[in-house]
Amino acid sequence: MAARADADETATALGYEQARDELIEVVRRLEAGGTTLEESLALWERGEELAKVCRHWLEGARARLDASLAAEREQEQDAAED
């Protein structure tokens with residue numbers, strides 16, 4: 001539960017695009033190699049945090065889309081019943 005609260009807090013500080021772009025950079029640095037074990041671990045941990053932020057934003061977007069589609073279906077059903 002605390003991890004979800006941390007992701008929510010970080011997500012409000014970082015927009016989706018900012019988190020995604022930073023995550024891309026983290027992955028690029030990890031794939032390039034040349035970092036110490038400690039640096040690699042820190043990058044991996046940051047990448048995990050950024051992935052959670054992106055997932056949080058995407059889940060929120062999915063919920064908004066689902067709500068919008070459900071409301072549209074409800075309006076269509078109401079119109080068909082009239």
Side-chain angles (χ1 to χ4, degrees):
M1 191 66 122
R4 181 64 176 188
D6 290 345
D8 290 347
E9 185 176 312
T10 304
T12 58
L14 286 176
Y16 172 78
E17 289 80 6
Q18 185 181 5
R20 181 202 59 213
D21 291 347
E22 187 178 341
L23 180 56
I24 290 168
E25 179 60 22
V26 166
V27 170
R28 187 196 64 73
R29 289 181 60 198
L30 284 169
E31 288 179 342
T35 57
T36 66
L37 177 60
E38 192 62 36
E39 291 169 333
S40 294
L41 286 172
L43 284 168
W44 179 80
E45 288 170 344
R46 181 62 179 163
E48 287 291 321
E49 181 181 334
L50 291 165
K52 287 178 187 175
V53 170
C54 290
R55 194 167 27 257
H56 170 82
W57 279 106
L58 292 172
E59 288 170 356
R62 169 55 67 191
R64 288 175 62 187
L65 286 170
D66 288 346
S68 178
L69 291 171
E72 186 178 311
R73 280 191 299 269
E74 186 176 311
Q75 287 177 348
E76 289 172 358
Q77 286 176 346
D78 290 345
E81 291 173 0
D82 289 339

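Nothing here was measured: the structure is a model prediction, and the numbers come from that model.
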Undergrad: If every non-hydrogen atom of Cys54 is compared with every non-hydrogen atom of Arg20, which pair is closest and at what distance?
TA: SG-N, 3.7 Å
Undergrad: List in chain and number order the residues that pass side-chain contact (heavy atoms from CB on, under 4.5 Å) with Leu23, two or more places apart in sequence or in another chain; answer none if no residue qualifies.
TA: Val27, Leu50, Ala51
Undergrad: Does Arg73 have any side-chain hydrogen bond (donor to acceptor under 3.5 Å, both in side chains) partners at least two apart in sequence or in another chain, and if so, which?
TA: none
Undergrad: Tracing side-chain links under 4.5 Å among I, L, V, M, F, W and Y, which residues wind up in one group with Ile24?
TA: none
Undergrad: Flag the pair Lys52 and Glu49 as a salt bridge only when some basic side-chain nitrogen lies within less than 4.0 angstrom of an acidic carboxylate oxygen.
TA: no
Undergrad: Under the 3.5 angstrom rule, does the side chain of Trp57 hit a backbone N or O of Leu14 as a donor-acceptor pair?
TA: yes
Undergrad: Which residue pairs pass the salt bridge (Lys or Arg N to Asp or Glu O under 4.0 Å) test when at least one of the two sits in residues 28-39, sequence neighbours left out?
TA: Glu25-Arg28
Undergrad: I need the Arg55 CZ to Leu58 CG distance, nearest 0.5 Å.
TA: 9.0 Å
Undergrad: Apply salt bridge (charged side-chain N to carboxylate O under 4.0 Å, His left out) to Arg62 and list each qualifying residue two or more places apart in sequence or on a separate chain.
TA: Asp66
Undergrad: If you compare all heavy atoms of Leu30 against all heavy atoms of Ser40, which two are closest, and at what distance to 0.1 Å?
TA: CD2-O, 3.7 Å
Undergrad: Using links of under 4.5 Å between side-chain heavy atoms of ILVMFWY residues, direct or through other members, which residues join Leu69 in one cluster?
TA: none
Undergrad: Could you tell me whether the side chain of Ser68 and the main chain of Arg64 form a donor-acceptor pair under 3.5 Å?
TA: no
